Amino acid sequence: MPAQTPPAFTLRDYQQDAVTATLKHFRTSDDPAVIVLPTGAGKSLVIAELARLARRRILVITHVRELVEQNHAKYAALGLEAGIFSAGLGRKEFSHQVTFASVQSISRNLAHFADQFSLLIIDECHRVSEDENSQYQQVIAHLREHNPGLKVLGLTATPYRLGYGWIYRSHYRGFVRSEEPRVFDQCIFELPLSHMIRNGYLTPPEVVDAAIAHYDFSSLMPSDSGHYPERELNSLLAKHPRVTRAICEQIEELSQSRQGVMVFAATVEHAHEIGSYLPPGQTAVITGETPGDEREQLIHRFKARELKFLVNVAVLTTGFDAPHVDLIAILRPTASVSLYQQIVGRGLRLSEGKENCLVIDYAGNGFNLHHPEVGTPKPSADSEPVQVFCPGCGFANIFWGKTDDNGQVIEHFGRRCQGLLEMEGEKPQQCDYRFRFKECPHCGAENDIAARYCQTCNEAIIDPDDLLKRALQLKDARVIRCAGISLSASGECLTLTYHEEQGEELRERFHLDRPAQRALFNKLFGRRCGNGESPRQFKTAQEAVNAEALLPSPDFVIARQAGKKGRQGGYWQVRERLFDYQGAYRRANEM
């Protein structure tokens, strides 16, 4: 039952929906949950309302003192008293029913929190890792020791981390985000950025291409975690000082009619270079090396509009609130839609006299602000999010893919359907349809293309690299990198030709009037027809020939010498066809 104190503010409809979704979820489950709200949506108000409704002890934690202070202030606005436990704020109170704290301070003083807490709320929860030695995990484990039924709720604008993936497993709208265990089990409420802008809750962004100059970071490759090596960035940027100067001149010119400007630099060295080109006396540079007191003073002066330009390196992407910012200049590369959204989000809060926020990307990141994360690294520069329907359950998946001039999907890189199937009386299960798969040689089950052991029989699946290595060492074996296939028919005898990138060929025949050979052809090629989107069961050879454009090409074909050896009577018999290969060997048409 809610406490009797009436709220001092009225929640927006979506904020109330988020609160309702939380109450509904935790009435029936102890599984950790996530709420996803865009930057500027008022997460602190949702937190305040949940704390107001609580009858038992609640702990709200985050990673920066600014957010601790901000979340506490919204709760205090209800006329309620709460504690703050943050060394950075000079307060260590731990006896209140509701406590707002920094994770750093809590993890160093766990003994003060030996009482039972019913709910742990984590703001900016995308920062929580699975490492049991991390500060967040230490806090969670400690609280669960005293209350095994502890409810854990995370809030974030960006529930995705490069190199890790989605921070939760499933979504309340019925789809799977991760097949691997995650800290959070389910996203229970999500609001798209477009809803906020369309309904006037956020300032419309005006995204424009760099008109004067821009950087070309295409030669640099990000790490698995999405970060670009600082040394390589500095080396590239040092070659283009005129570009940086020209960019800063344009930023200064465009800022004449703007209230506040945030510039996102690539490295510390880059940030100081940018700062040297912008107007002295109006510009501040903040990096991870900036002392805390100086940083706080510079931020205060910027918010008070004593400074107009604020240059930073990856330190003001979350937990920073300056509503008057109406020009965002991006001078750093990122491989993450989430980080791009966080950066732009700094300029989308409402402010008096602010009509829009000008966003200029000088780094050529090329993201659509409203595109969601796809869940896997972008496979190529010309890839884009595409919708792919599952032939098994009909779910509309979003994968990386490529489209033609008419917007039709010509290729996608999805592996497994993300649809979540509701089973009566059972926990929802992920659809088992796979667009790309590796077949188990022991039981025939379909597995992920990177699987080492079969998910059904647990037997080891032969490594494609081992197959290729062994075949290349045999004198009577032949391996080709397949660049394409072609089909021809003579009656019900279907001849399939594999074309090697250098012009050599291998052939094999399928007699589709024979049930066993027809089943094998459909298993190999019909099942994979149209990128796995439109599996077919071909009955005649002519049907297969007519569908040649939809049939997949294997990446490698392995054949062994058969029949009489020598020039008379010998031939190559295809033994293995490796589809969706991932490994050390180069595929056809790859540099």
Side-chain angles (χ1 to χ4, degrees), residues 18 21-22 25-26 29-39 41 43-44 46-47 50-51 58-68 70-71 85-86 88 99-110 113 117-172 176-190 224-227 314-315 317-320 336 338-339 341-342 373 375:
T22 303
H25 173 76
F26 285 132
S29 174
D30 288 340
D31 291 337
V34 172
I35 289 174
V36 179
L37 292 172
T39 300
K43 294 193 297 292
S44 56
V46 173
I47 292 170
L50 288 170
I58 286 184
L59 181 61
V60 182
I61 62 175
T62 189
H63 67 294
V64 291
R65 64 183 184 181
E66 289 86 357
L67 279 177
V68 174
Q70 179 180 310
N71 290 334
F85 199 96
S86 169
T99 303
F100 294 85
S102 70
V103 65
Q104 298 90 341
S105 296
I106 289 283
S107 64
R108 290 193 291 266
N109 296 274
L110 291 174
F113 296 85
F117 283 81
S118 62
L119 174 64
L120 172 65
I121 298 177
I122 305 174
D123 196 5
E124 303 292 346
C125 66
H126 57 275
R127 304 182 67 89
V128 181
S129 77
E130 292 185 351
D131 181 359
E132 62 182 17
N133 295 317
S134 69
Q135 292 176 326
Y136 279 109
Q137 289 293 0
Q138 287 176 20
V139 173
I140 294 171
H142 177 78
L143 296 182
R144 278 191 174 140
E145 282 182 12
H146 299 279
N147 178 17
L150 174 74
K151 317 287 188 182
V152 180
L153 176 70
L155 292 95
T156 182
T158 51
Y160 181 87
R161 289 205 313 272
L162 279 171
Y164 178 78
W166 297 97
I167 65 171
Y168 61 87
R169 293 194 70 242
S170 63
H171 196 282
Y172 70 101
V176 175
R177 285 302 200 192
S178 173
E179 296 180 45
E180 301 297 324
R182 288 294 183 255
V183 173
F184 299 97
D185 187 72
Q186 186 181 33
C187 172
I188 56 174
F189 184 82
E190 181 172 18
D224 291 341
S225 61
H227 298 294
V315 292
T317 54
T318 60
F320 178 79
S336 168
S338 293
L339 179 56
Q341 291 173 336
Q342 287 174 343
E373 285 283 3

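Model, not experiment: these values are computed from the prediction.
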Euclidean distance, Leu59 CG relative to Phe100 CZ, rounded to 0.5 Å: 9.5 Å
Minimum side-chain heavy-atom gap Ile122-Ile140 below 4.5 Å: yes
side-chain hydrogen bond (donor to acceptor under 3.5 Å, both in side chains) involving His25 - partner list, sequence neighbours excluded: none
Minimal non-hydrogen separation, Ala157 against Val36, with atom names: O-CG1, 4.0 Å
Val128 backbone acceptor or donor facing Arg161 side chain under 3.5 Å: yes
Spacing of Thr156 atom OG1 and Lys43 atom NZ [to the nearest 0.5 Å]: 6.5 Å
Partners meeting side-chain contact (heavy atoms from CB on, under 4.5 Å) with Ala18 (sequence neighbours left out): Ile35, Val46, Phe189
Closest non-hydrogen atom pair, Phe184 against Cys125: CZ-CB, 3.7 Å
Atom pair OG1/CD1 of Thr22 and Ile121 - distance to nearest 0.5 Å: 8.0 Å
Contacts of Asp131 that satisfy side-chain contact (heavy atoms from CB on, under 4.5 Å) - sequence neighbours left out: Ser129, Asn133, Ser134
Non-hydrogen side-chain atoms of Leu339 and Thr158 separated by less than 4.5 Å: no
Tyr168 side-chain N/O to Pro32 backbone N/O, donor-acceptor pair under 3.5 Å: no
Results of side-chain hydrogen bond (donor to acceptor under 3.5 Å, both in side chains) for Thr62 - residues two or more places apart only: none
Results of side-chain hydrogen bond (donor to acceptor under 3.5 Å, both in side chains) for Ser86 - residues two or more places apart only: none
Those residues that, when tested against Ser105, pass side-chain contact (heavy atoms from CB on, under 4.5 Å) (two or more places apart): Phe85, Ala87, Ser102, Arg108
Atom pair CD1/CG of Ile106 and Leu120 - distance to nearest 0.5 Å: 9.0 Å
Name each donor-acceptor pair under 3.5 Å that joins a side chain in residues 144-153 to protein atoms two or more places apart or in another chain, with its distance.
{"from": "His146", "atom 1": "ND1", "to": "Ala114", "atom 2": "O", "distance (Å)": "2.9"}
{"from": "Asn147", "atom 1": "OD1", "to": "Gly149", "atom 2": "N", "distance (Å)": "3.1"}
{"from": "Asn147", "atom 1": "ND2", "to": "Phe117", "atom 2": "O", "distance (Å)": "2.9"}
{"from": "Lys151", "atom 1": "NZ", "to": "Phe26", "atom 2": "O", "distance (Å)": "3.1"}
{"from": "Lys151", "atom 1": "NZ", "to": "Ser29", "atom 2": "O", "distance (Å)": "3.4"}
{"from": "Lys151", "atom 1": "NZ", "to": "Asp30", "atom 2": "OD1", "distance (Å)": "2.3"}

Residues forming a side-chain contact (heavy atoms from CB on, under 4.5 Å) with Arg169, sequence neighbours excluded: Arg182, Asp185
Glu130 and Tyr164: CA distance, side-chain angles, deciding distance, side-chain contact (heavy atoms from CB on, under 4.5 Å) verdict: CA-CA 10 Å; Glu130 292 185 351; Tyr164 178 78; 2.8 Å; yes
Set of side-chain hydrogen bond (donor to acceptor under 3.5 Å, both in side chains) partners for Arg65, sequence neighbours left out: Glu296
Side chain proximity check, Gln342 to His126, heavy atoms < 4.5 angstrom: yes
Donor-acceptor under 3.5 Å (His63 side chain, Glu124 main chain): no
Pairwise distance CG(Asp123) to CD1(Ile47) - rounded to 0.5 angstrom: 4.0 Å
